[in-house]
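Notes for the one structure printed next.
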Amino acid sequence: MGSRRNITEERSSAARTMPRLERNINAILKRREEDERGRRAHDRVAQAITNFAGSMTFVGLHVLAFGAWIALNLGLVPGIPVFDPTFAVLAMVASVEAIFISTFVLISQNRMAEKDDERSDLNLQISLLAEQEATQLLALLREIAGRLGVKVDGEEDIRELTEEITPEEVLNRLEDQKVRSGD
């Protein structure tokens, strides 16, 4: 009980000392809830089916169902007539099921890919903002050092770092390098 109280106290203390962290976490959770509420019904159905198809319950049910089907059609259960001696119906049922499950998995993967693209865009935006802020801070520090007469080693490196680089410049350079390397 004491360790649970300590963890709660640490979390409470961390929440007080890091309001930005708490705000960011709340914003992420709120966005996830909004996204979940905004999902279309068929997306929710596809995700539920995909989740179930990827579970051990699904595997267990298939082992039981297919095992029973095979046992019945091998004549291992007395008193029940064989209804699929070549297992052609079982193969057809399994094939149709595989088609539908594959489709649901693809729908779920497409949705996940969209979310990954959104996260990538957000990460890029945050990185660009951090780069711009760092560039401005370096320029400010360089100006302050100059006014105070502080000699700074690596002045040329710092001057280069204070030059703003646009995302378009980076993308153009990457494209040029791809062309030169033959990719």
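Positions are given from 1 along the sequence. Keep in mind it's a predicted model, so treat the numbers as computed, not measured.
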Close side-chain approach of [X] to [Y], heavy-atom, < 4.5 Å:
X      : Y      : result
Trp69  : Val89  : yes
Glu22  : Asn26  : yes
Leu140 : Gln136 : no
Asp35  : Arg31  : yes
Arg173 : Gln177 : no
Leu138 : Thr135 : no

Legend entry - Salt bridge Lys30-Glu33, side-chain N to carboxylate O under 4.0 Å: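 No, no charged N to carboxylate O under 4.0 Å.
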Cluster overlap [X] with [Y], hydrophobic side-chain contacts below 4.5 Å:
X      : Y      : value
Leu171 : Leu128 : no
Ile107 : Ile99  : no
Ile70  : Leu72  : yes
Val170 : Leu124 : no
Leu74  : Val93  : yes

What's the spacing between [X] [atom1] and [Y] [atom2] if we round to 0.5 Å?
X      : Y      : atom1 : atom2 : value
Lys115 : Met112 : NZ    : CE    : 12.0 Å
Gln125 : Ser120 : CD    : OG    : 13.0 Å
Ile101 : Leu106 : CD1   : CG    : 12.0 Å
Arg39  : Arg37  : CZ    : CZ    : 13.0 Å
Gln109 : Asp116 : CD    : CG    : 10.5 Å
Leu61  : Met56  : CG    : CE    : 11.0 Å

Keeping the roles fixed (side chain from [X], backbone from [Y]), state whether a donor-acceptor pair exists under 3.5 Å.
X     : Y      : value
Thr50 : Phe104 : yes
Asp84 : Leu90  : yes
Asn73 : Phe87  : no

Legend entry - Heavy-atom neighbours of Glu160 CD exceed 12 at 6.0 Å: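 12 or below, so no.
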Legend entry - Counterpart residues, ring-ring contact (aromatic ring centres under 6.0 Å, His included), relative to Phe52 (two or more places apart):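 Result, ring-ring contact (aromatic ring centres under 6.0 Å, His included) vs Phe52: Phe58.
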Inset, instruction - Please determine, by modelled atom types, if Gln47 and Asn51 share a side-chain donor-acceptor pair under 3.5 angstrom. - result: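 Yes - a donor-acceptor pair under 3.5 Å links their side chains.
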Inset, instruction - Please check if any side-chain donor atom of Glu169 sits under 3.5 Å from a side-chain acceptor atom of Thr166, or the reverse. - result: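 Thr166 and Glu169 do have a side-chain donor-acceptor pair below 3.5 Å.
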Legend entry - Minimum-distance pair of heavy atoms, taken over all atoms of Ser102 and Ala98: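 Scanning both residues, the minimum pair turns out to be OG-O, 2.7 Å.
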Legend entry - Which atom of Ala46 lies closest to which atom of Ser108, heavy atoms considered: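 Looks like O-OG, 3.6 Å.
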Legend entry - Pairs where residues 43-53 contributes a residue and the test salt bridge (Lys or Arg N to Asp or Glu O under 4.0 Å) is met, not counting sequence neighbours: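 Residue pairs passing salt bridge (Lys or Arg N to Asp or Glu O under 4.0 Å), neighbours aside: Arg40-Asp43.
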Inset, instruction - Show the numbers, then the answer: is there a salt bridge (charged side-chain N to carboxylate O under 4.0 Å, His left out) between Arg147 and Glu143? - result: CA-CA 6 Å; Arg147 287 189 183 188; Glu143 182 70 24; 3.1 Å; yes
